[in-house]
Every structure is written in structure tokens, then in C-alpha cells.
2 protein chains.
Amino acid sequence: MVESEEGDEGLDRPLHDLVSYRLARVQAKLNAQATRILKENGGLTLVQWRVLLMLRRLGESSVGELARETQFDKALISRTVQSLVARGLVAHRDNEHDQRQQLLSTTAEGTAIFETAAPHMEARQKALRGAMSEEERSLLFDALDRLEAAADSRDPG
Amino acid sequence: MVESEEGDEGLDRPLHDLVSYRLARVQAKLNAQATRILKENGGLTLVQWRVLLMLRRLGESSVGELARETQFDKALISRTVQSLVARGLVAHRDNEHDQRQQLLSTTAEGTAIFETAAPHMEARQKALRGAMSEEERSLLFDALDRLEAAADSRDPG
DNA sequence: AGGTACTTGTTGACCCATCATCCGAACCAT
DNA sequence: ATGGTTCGGATGATGGGTCAACAAGTACCT
């Protein structure tokens, strides 16, 4: 049932020893921090921010493209784009080659809001990178890769 | 506007280089994995699982205690406990010393469901730990600590 | 006792996130 | 062209997660 030496391998460990728990905690905090920064500097939500960021990188793109690139659910992107259009931060025009999709782009106002938030988000990203050395970050990313792989396996046992 | 040497310090990096983004991705996957395992083995949600786990560790406890120990919001715990009571997995009795709180404990059925899920969750936890060496894990945890600290600072610039 | 402040838990509102489903458009067979 | 399949996107439902407001209980203080 369990390897002979470790009766409390999993569930009786203190929470701060559990990988998944620690990651969840840190991620929640990072998320909260980003959310707060965005709220205070332009009033974007995190997903709205990511969409604007991605539009800025890709130029005119469709909902599907944004979903793929941001790795967010297409339903989430669809709703977020609607909110951005409603706020006048994103414009859409028909794609004459495919009536199913609309091509999205940021408006001048969208760019303005983006640029309100951008320096703060850049500073944050820089601070996060600064919390580790190059070596550590590469090690961290490596470990994350392996965790991600472990999370993908269907039966972890 | 930006430090002289690094025009693309933050926002133009590919997403997989962004710490917050990577963590979010991995955490989402781990979460999805745990959610799936629990759904298929007893039908608990992740929060319900954590509550049952904590009750098993702490014995009879209040909503507030559970919130503190799991580090979840008390509102979330409150609602989760309600769902567990509705399903008959958790029992409550009045605390005669403090009329505000009820003391919660798992029922026999709650324990049974917990034990259905437990081996799978243990195996998962073990697999996650196994994805790294002791050294790497300690390094990872260290890095996470610093990220957490960075996330706590109010202005990251 | 009465007043005040703090604690405990519930509720409502809101956003994030995922899943299933549905619809119209597009593509592709025969 | 017509029928089937796939694709792009929208929508509804559900649960996670946070925050603010609130009611009731408790504690303290005089």
C-alpha cells in the first residue's frame, strides 16, 4: 500500500511541505498583486490586461488566436473581449475571408490604458525576476517543467 | 521610460519566460489534476477535500480554524462546510462556550469518502515530490519563499 | 448595567476559470 | 448540391476565490 519506510508520505505532512499547496499559495499572491496593480492603474482586470498585451504583440487577431496565445479558455477570452469592446478599448472588424471570425485590435484608448498600467507591471516583473539569480530561475523553470509533466500524466500513481 | 539597456525587460518577453505566467500555468494544471482525481474517486471538490483533510488532522474544529489552517477565505470555507453537511459528510454541534461557532467533525460517511480519495491523492503527492530531488525541492521552496515575499511588497517597483 | 469594540460566521456581489453545448460558417467528400 | 465534419465563437451552468457588509455573540471597560 505504501513503501515500507514512509507511512506519512503524503497526507500527514504539514501543508507547507506540499508542493501543490505551496505553488497555489504563491500563485494566489502573485495573482492578487497583479490584480491590485491593474485595478489601481487603469482599472483593467488581469485577463483584460493579458488580452491587450497579446493584441499589442500580435496585432490584429481573432478570439481563437488570443485564446491560443494566452493559453486561456476561449470562453474566457470571448467574454473578456466583449467587455473590452464595451469599454471602447478594443475594436473589431469583419474578416472578409472568414465570416466566422472578427479581427480585433486595440483602440487609441485601449493603448492609453495599457500604457498606464505597463510601467507598473514591468516593474513588478522585474522585481520578481530580481528575487532570484539567473541560476535559480533556470532551476525553478526546470522544476516547473517537470511538475507540469507530472501533472499531465493521467494516473500519477 | 525604461532602463537604458533593456528595452524589452518586461513585457515583450515570450510568455514562457515570465515567472508569474509559468507559475500560473503549472498551478492550473496541478489543480486540474487534483480536481479530476477527486471527482473520479469519491466526488469531492478540492476545497471539500482540504476541509476533510484538515478536520482529520485537527479533530473537531470551527469554520474559523479551518479557514486559518487551510489558508482559504472564511467565506469559502463556510459555503464548503454547508455543502459537506448537506451531503452528510460533516456533522456540527453547538459549542456551549461560544454560541457563535459550531464545532465540526467528519461523519463515518465523510471518513469513508475521504479514504476513497486518499490513496490516489497520496500517490499524486508522491509523484510530484518524485519529480524533483531533495536538493531541487529545497531550492524550489526557497525560490517560492522569495517570490512570495516579493508578492507581498506593496509597490514592487 | 451599559457602552463599545472585537470576533465569528453568513450572505451577496463580483470576477476568474472550465466544461458542455449550441449555432453558423467553412470545408470536403461523393 | 447536399450531407457530414470541423472550426470559430457565444452562451449557460457550475465552482473557485475574494471582498464588503452584516448580524449575532463575546469581551472589556467604566
Response to the item:
Under a side-chain separation threshold of 4.5 Å, the hydrophobic residues clustered together with B:L139 are A:L139
Worksheet item: Would one find a side-chain N or O of B:T45 under 4.0 angstrom from OP1 or OP2 of D:dG16?
Response: yes
Worksheet item: Does any N or O in the side chain of B:Q33 come within less than 3.5 Å of the main-chain N or O of A:A150, such that one atom is a donor and the other an acceptor?
Response: yes
Worksheet item: Roughly, in whole Å, what's the span from CZ in A:F72 to P in C:dC16?
Response: 9 Å
Worksheet entry | Separation of atom CZ in A:R36 from atom P in C:dC14, rounded to whole Å | 23 Å
Item to complete: Among Ile, Leu, Val, Met, Phe, Trp and Tyr joined by side-chain contacts under 4.5 Å, find the other residues sharing a cluster with A:L147 and list them by chain and number.
Response: A:V19, A:L23, A:V26, A:L30, A:L128, A:M132, A:L140, A:F141, A:L144, B:V19, B:L23, B:V26, B:L30, B:L128, B:M132, B:L140, B:F141, B:L144, B:L147
Worksheet item: Are A:L58 and A:L104 grouped together when hydrophobic residues (ILVMFWY) are joined by side-chain heavy atoms under 4.5 angstrom apart?
Response: yes
Item to complete: Would you mind reading off the distance between B:R50 atom CZ and D:dG15 atom C1', rounded to a whole angstrom?
Response: 15 Å
Worksheet item: Between B:L103 (CG) and D:dG25 (P), how many Å, whole number?
Response: 16 Å
Worksheet entry | From B:H120, B:R36, B:E115, residue fulfilling side-chain hydrogen bond (donor to acceptor under 3.5 Å, both in side chains) relative to B:N41 | B:H120
Worksheet item: Once you round it to whole Å, what is the distance between P of D:dT18 and CG of A:L46?
Response: 14 Å
Item to complete: In whole angstrom, give the distance that lies between atom CD of A:Q71 and atom C1' of C:dA17.
Response: 14 Å
Practice prompt. Determine the minimum heavy-atom distance between A:L52 and A:L89, stating which atoms define it.
Written response: CD2-O, 4.3 Å
Worksheet entry | Interatomic distance, A:L44 CG vs C:dC16 P [rounded to whole Å] | 11 Å
Dump the pairs, protein N or O against N or O of nucleotides 7-11 of chain D, anything under 3.5 Å, distances to one decimal.
residue: D:dC7; atom: O2; partner: A:R100; partner atom: NH1; Å: 2.8
residue: D:dG9; atom: OP2; partner: A:G64; partner atom: N; Å: 2.5
residue: D:dG9; atom: N7; partner: A:K74; partner atom: NZ; Å: 2.7
residue: D:dG9; atom: O6; partner: A:K74; partner atom: NZ; Å: 3.1
residue: D:dA10; atom: OP2; partner: A:S78; partner atom: OG; Å: 2.4
residue: D:dA10; atom: O5'; partner: A:S78; partner atom: OG; Å: 3.4
residue: D:dT11; atom: OP2; partner: A:Q82; partner atom: NE2; Å: 3.4

Discussion item. Just the rounded figure in Å: distance from P of C:dC15 to CG of A:L84.
Written reply: 13 Å
